[in-house]
Amino acid sequence: RVITGDALPYPASPAPASLESDTCVIVLNRDLATVSIEYPDSLGAILLTFGDSILPVFDMPDHDAGGEYVAPYTKVLVTPSFGYPDGVPHFGAGELFTYTGAGQLLSVEVSYDGTTYIPTTIRVEGSSGCCLDRGNVNGVNGPGLPINISDLVYLVSYLFEGGPMPPCIEEGNVDGLSDSGGPIDIVDITYFVQYMFADGPPPPPCPVEQSR
């Protein structure tokens, strides 16, 4: 009836005022193998994409959640329980799930009501276990050796041509930053080009404890 114009759709739930200023932070702790959220208001859905295979373990009675591995990614969706009494979003700060496996968190989408998306950043804590030389995107240069044009070609292929994922996502995160699009984005290509051809700064080192 809404489609044909015989009835009006239900009004959308008002988004919290914090959407205008706050950022949702997804925290991946590699040492504890946990994924947590930092946000002051309740949320409607979180979609996380991991590179490679992980097995999420959920212990949230008020949530519906599930994960599926379709090579080469694992996608995990967390929503409020459909049986929740007032039918409104019902999760915010706290641990979302634990996991097993070595998949790396590539991207996150967070929504208040299914249509209103919230600015999101990814913070990685703990040791990555693979990051030795940031910028060594193809993983073949070896520790201590300079990065070169083949790493830039590999990065462009991965982002725009469906090429293989970098062996170590953190080494492919050339600028050392991350947002909701994941650790690797077009800004890393810009950073790489400026470093190699315009006397830009080198990629930051891989710290033992990574938080970004």
Chemist: Indicate yes or no: at least one non-hydrogen side-chain atom of Val70 is less than 4.5 angstrom from one of Lys75.
Modeler: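 No, side chains not in contact.
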Chemist: Working to the nearest 0.5 angstrom, can you tell me the gap between Ser107 OG and Ile184 CD1?
Modeler: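 Between atom OG of Ser107 and atom CD1 of Ile184 there are 11.5 Å.
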Chemist: Rounded to the nearest 0.5 Å, what separates atom CD1 in Ile118 from atom CG in Leu43?
Modeler: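 Interatomic distance, Ile118 CD1 to Leu43 CG, rounded to 0.5 Å: 4.5 Å.
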Chemist: Of the non-hydrogen atoms in Pro204 and Tyr191, which two are nearest, and what is the gap between them?
Modeler: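 Residues Pro204 and Tyr191, closest heavy atoms: CD-OH, 3.8 Å.
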Chemist: Do you know which two heavy atoms are closest between Gly135 and Phe192, and how far apart they sit?
Modeler: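 Looks like O-CE1, 3.7 Å.
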Chemist: How about Leu77: does its CG atom have over 12 heavy atoms from other parts shown lying under 6.0 Å from it?
Modeler: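 Yes, because the 6.0 Å sphere around CG of Leu77 holds more than 12 heavy atoms from other groups.
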Chemist: Judged by atom type as modelled, is there a donor-acceptor pair below 3.5 Å linking the side chain of Asn29 to the main-chain atoms of Leu32?
Modeler: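 Indeed, once roles are kept as given, a pair shorter than 3.5 Å links the two residues.
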Chemist: Over all heavy atoms of both residues, which pair between Val174 and Arg134 is shortest? Give the atoms and the distance, please.
Modeler: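 Closest heavy-atom pair between Val174 and Arg134: O-CD, 3.3 Å.
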Chemist: Do side-chain atoms of Asp151 reach the backbone of Asn138 as a donor and acceptor pair under 3.5 angstrom?
Modeler: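 Between the backbone of Asn138 and the side chain of Asp151 there is a qualifying donor-acceptor contact (under 3.5 Å).
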Chemist: If you look at every heavy atom in Met196 and Ile149, which pair is closest and at what distance?
Modeler: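 That would be CE-N, 3.6 Å.
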Chemist: Taking C-beta and beyond as the side chain, do Phe97 and Val57 meet within less than 4.5 Å on heavy atoms?
Modeler: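 In short, these two side chains do not touch, never coming nearer than 4.5 Å.
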Chemist: So, for Val108 and Ile46, which heavy atoms are closest and what is the spacing to 0.1 Å?
Modeler: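 Nearest pair, atom of Val108 first, then Ile46: CG1-CG2, 4.0 Å.
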Chemist: Any idea which heavy atoms bring Pro56 and Gly67 closest together, and the distance?
Modeler: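 In terms of heavy atoms, the two residues are closest at CG-CA, 4.2 Å.
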